[in-house]
Number of protein chains: 2
Amino acid sequence: MTETETETTGAGADSCAGPPQGNRRPDGEDRYTISEVAALTGLTAHTLRWYERIGLMPHIDRSHTGQRRYRNRDLDWLALVGKLRLTGMPVADMVRYAELVRAGDHTYTERFELLRRTREDVLSRIAELQGTLAVLDRKIDFYADAGRALASERT
Amino acid sequence: MTETETETTGAGADSCAGPPQGNRRPDGEDRYTISEVAALTGLTAHTLRWYERIGLMPHIDRSHTGQRRYRNRDLDWLALVGKLRLTGMPVADMVRYAELVRAGDHTYTERFELLRRTREDVLSRIAELQGTLAVLDRKIDFYADAGRALASERT
DNA sequence: TAGAACGCTGGAGCGCACTCCAAGCAAGCG
DNA sequence: CGCTTGCTTGGAGTGCGCTCCAGCGTTCTA
């Protein structure tokens with residue numbers, strides 16, 4: 001067991017990625033070309049190949065002619081990467097996480113720490129954005145009032 | 001009146017910028033050097049000059065020797081810019097907003113629209129981040145459980 | 001009056017995250 | 001068979017947001 005965590009995303013709890021990404025094939029016959037994955041994830045084929053080059057992806061299966069054949073677990077991984085990207089996490093850090101996953105079970109605590117730190121970052125980003133929202137709302141009220149004043153001036 | 005909006009930030013409602021930025025001089029004797037502004041805003045002097053070059057700042061007063069002397073209203077503007085930057089708004093859009101402010105009162109509705117769109121963006125960024133937070137929390141729980149399992153294995 | 005500290009400018013350079021290119025191979029089709 | 005479509009590679013290029021540099025002037029302190 002403990003097959004270096006490919007769990008979680010399998011459970012049908014997900015429902016909020018950017019692209020539709022509904023049409024997955026069942027495990028066993030899950031072999032997607034790069035352009036299919038591009039369509040499913042919203043990334044370009046270029047980016048997918050680049051992710052592989054920099055070590056952000058595990059080694060992807062190949063067809064007998066050498067073409068990439070992505071599997072469901074690769075889509076799961078890309079979904080996680082997409083989420084982490086939304087947090088503003090630098091690609092280098094995601095590569096670090098990918099390395100930890102590849103390194104095996106003894107990196108669990110390090111992975112845990114990395115995710116926990118990321119979680120803290122996300123919380124403060126949310127707080128920042130809410131602060132900005134407050135400023136924005138004040139400005140918007142100002143302009144709404146100004147608009148009304150201009151309108152009544154014209155009467 | 002309607003002096004192209006330098007209001008809002010004057011009111012003491014602010015309290016959540018990154019740097020301390022407490023020590024402002026009263027209006028009238030508010031002439032800050034570029035390095036003072038750098039210290040107050042957390043930006044570098046390079047960046048401040050660059051903001052000016054690209055049209056993100058209004059024209060800054062100069063001393064008799066040609067050095068920049070920032071005023072409180074410039075700090076207010078920089079505070080707003082800082083907030084907008086946190087939202088991920090591209091610099092080009094902030095420049096656009098700055099142009100609208102410089103253009104005068106007849107751009108009120110356009111400014112209003114820009115801010116309203118930005119507000120929508122911020123709301124969806126927050127939603128995205130909360131989605132990511134959910135994923136992160138599931139992963140973190142997974143690793144916490146795995147850690148406990150490993151610990152009990154060792155008994 | 002020397003030297004350090006600070007500021008000025010135009011323009012070049014950098015790091016990140018892609019993005020694209022050229023040249024070539026393999027499969028499918030009329 | 002030739003043509004199109006899709007994929008392969010290493011390496012070069014792009015856009016953004018800074019970041020730094022050289023060469024110079026001014027101001028302050030000893």
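Chain letters run A, B, ... following the sequence lines, proteins first and then strands; every chain starts at 1. Hydrogens, waters and symmetry mates play no part in the numbers below; they use all other heavy atoms, side chains included. Note that the structure is a prediction, hence the values are computed from the model and not measured.
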Those residues at least two apart in sequence (or on a different chain) that pass salt bridge (charged side-chain N to carboxylate O under 4.0 Å, His left out) with B:Arg125 are B:Glu128

Taken in chain and number order and not counting sequence neighbours, the residues that satisfy salt bridge (charged side-chain N to carboxylate O under 4.0 Å, His left out) with B:Asp27 are none

**Prompt:** Do B:Leu84 and B:Leu80 come within less than 4.5 Å of each other through their side chains, counting heavy atoms only?
**Reply:** yes

Sorted by number, residues from residues 27-36 of chain A placing a heavy atom under 4.0 Å from DNA chain C are none

Could you work out, with side chain to side chain donor-acceptor pair (under 3.5 Å) as the rule, every residue matching [X], not counting sequence neighbours?
X: A:Arg119; result: B:Asp137
X: B:Tyr51; result: none
X: B:Glu110; result: B:Arg96
X: A:Asp141; result: none

Using a 4.0 Å heavy-atom cut-off, does [X] contact any base of the nucleic acid, only the sugar-phosphate backbone, or nothing at all?
X: B:Arg49; answer: base
X: B:Arg53; answer: base
X: B:Arg69; answer: nothing

Report the residues that fulfil side chain to side chain contact (heavy atoms under 4.5 Å, CB included) with [X], sequence neighbours left out, ordered by chain and then residue number.
X: B:Ala98; answer: B:Trp77, B:Arg102
X: B:Thr33; answer: B:Ser35, B:Glu36, B:Arg69
X: B:Ser124; answer: none

Per nearest nucleotide of DNA chain C, the residue lying toward the 5' end, A:His46 or A:His64, is A:His46

Bounded by its outermost nucleotides with an atom under 4.0 Å from a heavy atom of chain A, the footprint on DNA chain C reads C:dA17 to C:dA27

Contact span of DNA chain D against chain B, any nucleotide atom under 4.0 Å from a heavy atom, 5' to 3', runs D:dG17 to D:dT27

Residue pair A:Thr65/B:Arg85 against DNA chain D: nearer the 5' end by closest nucleotide is A:Thr65

Short side-chain donor-acceptor distance under 3.5 Å, A:Tyr70 and A:Asp30 | no

